[in-house]
Amino acid sequence: MSNAVVKTHNLTKIFKDFWGRNKVKALDKLSIEINRGEVFGLLGPNGSGKSTTLKLMLGLLFPTKGKVSIFGKPVNNTAIKEKIGFLPEESYLYGYLTAKETLFFYGNLFDISRNQIKKRTPQLLEMVGLGKVGSRPVREFSKGMTRRLGLAQALINDPELIFLDEPTSGLDPIGTKQIKNLITEMKNRGKTILLCSHLLADVEDVCDRIAILYGGKIRVMGKVDELLSKHDSLQLNLPELKPETLKQIKCLIEKTENASNITVEHPKDRLEKFFLKVIEQAVVDKSETAGANVLATEKEIPEIPETTEHNSKTNKKIINDLLNKEN
Amino acid sequence: MGSIVNIALKSIKKAMHDKMFIGVILIFIIILPSLPILLYGDGTAQGHLKLYLTYSLYFIMFFVSITAIFISCMSLNEELEKKQMFLLCTKPVEKWKIVLGFWLGAVLITLILIIAAALINYGGIKWIISRYEPSLSALEMDKIKEQLLSSRKSVYIEQPDIKKIVSAQIADYKKEHKGESFDYQELEKKFKRKIFYETFCVPPRYEKKWTVKGLNNLKTDTVTIKFKYFSSEKPKDATISAEWSFGDPLKARQQNYYLEKSPEIYHSFNIPVSAIDKDGNLLISFTNLDNSYLTVIFPEKNGIEIMFHAGSFFVNFCKSYLLIFCQICVLCAIGVFFSSFLSFPVAVLMSLFMYALGTQATYFLNLLTQSGSSPFEIINTMGNEKLSFLIISQKIIAYMIYAFPHLDAISPVPYITDGRVIEINFLLRSVFIIIFVKSGFFLLTGSLIFNRKEIARVIV
């Protein structure tokens, strides 16, 4: 029995002009299977068909040819949408609603009790760092804050399948890292995630498998580790060595392996990590901010809303992981 | 149902934050209360009140109709334009529920306006009365209450079944003139004219009698006789003298009146209910005593009308706003229907066209069918006509107009300004036809179109 949650078969989309003549072939016989519990990344340059694929999978566009099925059912089946969460490229939210009202509005569209929505709303807002601005209208939010709220609305129904279109666009490095950690945690909880992004580093960090699209066709598809591994070179991580020891090692390698292309340099700190260190200090100093919360101390870090029988892990390690991972 | 209400409530919230809508409400709140001051009329209390009732209701109907069209066209279109529909359509909500939710939202927003309008309008009526009350005699006040601030039922003189009589006469004619060819339409016109003259024309020194039925169990002391007639020529002294007698002397107390009234305008006077017999019948006798020997012609419809008190003005006033609400429901449905496949400006334009057509639908239908009867009745009488392209296309257009919402037919203005009761049967029929049938048709079609619509715009 197939483990595929999302399945496309020969999916083709041709956009037509006003007179019904074929204008652009946006997708050409795309066949993808996304398995349960997998984080799948869809990459490609502008106009490669990523967004079209996503929209076809969500039923926002109709295929010209081919089929899409989600949980084994056609996309126009309303019942499957109970299990889907979607964060669009831009968070198309209502400016006149507050963050809480937004989550209430979208939550009420699902088959979830009002009590459950009431309980889940503050938890989700806390999780995305908007706990303190829940009563503010969305039109007053920065782009990053609306992205966070957009993510919260995508998770309001505790979906099994999550479509994330450029989830980190407009977010600061902390937000980006939080989202990436969140994606990893959701994956650990058995969720299936389809990620569309231009930021290749984000995709690399969180995706199990990727597909690269160009001209509406798949050019490459496979596991990230397999696709990115270089089998013709090695990297050694060593503590600081004396110059003599380093010289001896180089000589040994040159003699025994006959290798001349050897480089030795100090590893550099990543800008992301450096930035996070500065912000952590600001939080420790209790500097005030009108923006999204930066969770620094363990006490302040909330739990991801527990809604299924899955073991709920806390994201209290988000910042700590963030800061300690590469030490 | 939950998601429909949820979407509708969200639409209301949006309107409450919309500067345009707030501006519209402010304009409404400023203009409407100033109408009793601006519309002064002929200086009499009755004239002032009648003018205010007429124009305030027309203003309210026009204003809320335009608002309803704009709101309903904007709600769905804006969501599509701002791509907020992406999120809505990826939630477990059927497309027809989304369409219905936006319709309900637009209806509820306009309902707020209607309620505000009703309160201000009623306040205006009370203000005008309180302004004139100290200077008016009890008799004058009673007259205003009876003719304007009342809810009166009407009955008309019993009319002959013209269709039946004409077809019988044509059948007789055919028998008498076997084998002869004749123009059916011309003959029909001729017989109709004959019956009309026999029933509604009173030559000089002649008496014509009519019976009015359905005046049982009246709870008032008097009934109002409202009449209008024409004369064959313009009378020398501008009036026509006639003797009116009411009541069958064998069954009720007969009342006689000698009146000199000018033609072509409506006149009314009261008679005691004792003229009506136990069976609820009123015999009316009219004798033409005109000195110039002119023939008096009563209009076929509404020539003589008997009006009697049948409820409170307040209830009638509320019913009139229910009729306005019916209009709003169908206009919102039209707006949502057009915005399911057209852009905002085009949808507004089409909705305004439908609105304009709807306010004149009966006129257009009469123009096409030439008799004011429905196309169904016309089709029944088509057997004897030659079917031509012109007739067929005329019928098709007539059917199309018939399917349109006849906003003029459910206008409350003639009822309120004339103190006529809005019958509960008429109200229920209007609610059923306008809200359930015609609004339902537009919403269903809109839902089907929206269901087949690609929500995402083409980006390649």
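So you know, we letter chains A, B, ... as the sequences are listed, proteins then strands, and number each from 1.
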**Engaged part of B/Asn451 at the chain A interface, taking heavy atoms whose separation is under 4.5 Å** = backbone
**Message:** Counting neighbours of NZ on B/Lys438 that are heavy atoms of other residues, nucleotides or ligands and sit closer than 6.0 Å, is the number greater than 12?
**Reply:** yes
**Prompt:** Is there a side-chain contact between A/Ile84 and B/Thr90, using heavy atoms and a 4.5 Å cut-off?
**Reply:** no
**Asked** Is atom CZ of B/Phe341 surrounded by more than 12 heavy atoms (other residues, nucleotides or ligands) closer than 6.0 Å?
**Response** yes
**Fill in**
Taking every heavy atom of B/Gln84 against every heavy atom of A/Leu93, the minimum-distance pair comes out as NE2-O, 3.2 Å
**Prompt:** Is the closest basic N to carboxylate O distance between B/Glu454 and A/Lys13 below 4.0 Å?
**Reply:** yes
**Prompt:** Would you say the side chain of A/Leu109 lies within less than 4.5 Å of the side chain of B/Leu88, judging by non-hydrogen atoms?
**Reply:** yes
**Message:** I want to check a possible cation-pi pair here: B/Lys14 against A/Tyr94, using under 6.0 Å from ring centre and within 45° of the ring axis as the test.
**Reply:** no
**Request:** May I ask you to test the B/His17-A/Arg139 pair for a side-chain heavy-atom distance under 4.5 Å?
**Result:** yes
**Message:** Checking A/Glu101 against B/Lys13 for the side-chain contact (heavy atoms from CB on, under 4.5 Å) test, could you report, in this order, the C-alpha distance in whole Å, the side-chain angles of both residues, the deciding distance, and whether it holds?
**Reply:** CA-CA 11 Å; A/Glu101 284 170 344; B/Lys13 238 173 227 174; 3.8 Å; yes
**Request:** Please say whether the positively charged group of B/Lys82, taken as NZ for Lys or CZ for Arg, lies over the ring of A/Tyr92, i.e. under 6.0 angstrom from the six-membered ring centre and within 45 degrees of the axis.
**Result:** no
**Message:** So does B/Ser3 get a backbone contact from the side chain of A/Asn108, meaning a donor-acceptor N/O pair under 3.5 Å?
**Reply:** no
**Approximate separation, where rounding is to 0.5 Å, of B/Glu94 CD and A/Asn76 CG** = 11.0 Å
**Heavy atoms of other groups near B/Tyr122 OH, more than 12 under 6.0 Å** = yes
**Complete:** For B/Cys89 and A/Leu60 the tightest heavy-atom approach is CB-CD2, 3.9 Å
**Request:** Determine the option with the most heavy-atom pairs under 4.5 angstrom with chain A, choosing from B/Met85, B/Lys95, B/Met16, B/Glu79.
**Result:** B/Glu79
**Message:** To the nearest 0.5 Å, what is the distance between CZ on B/Phe86 and CG on A/Asp165?
**Reply:** 9.5 Å
**Item:** Atom group of B/Lys97 that falls short of 4.5 Å from chain A, counting heavy atoms
**Value:** neither
**Prompt:** Crowded around A/Lys67 NZ? As in, over 12 foreign heavy atoms under 6.0 Å?
**Reply:** no
**Request:** Determine the minimum heavy-atom distance between A/Lys81 and B/Lys91, stating which atoms define it.
**Result:** CD-O, 3.5 Å
**Asked** Which answer fits A/Glu90, side chain, backbone, both or neither, if we ask what part of it has an atom under 4.5 Å from a heavy atom of chain B?
**Response** neither
**Request:** Return yes when atom CZ of A/Arg219 has more than 12 non-hydrogen atoms of other residues, nucleotides or ligands closer than 6.0 Å, and no otherwise.
**Result:** yes
**Asked** What distance separates A/Tyr96 OH from B/Asp18 CG, expressed to the nearest 0.5 Å?
**Response** 9.5 Å
**Fill in**
Heavy-atom closest pair (A/Tyr106 atom, B/Leu87 atom, distance to 0.1 Å) is OH-CD1, 3.4 Å
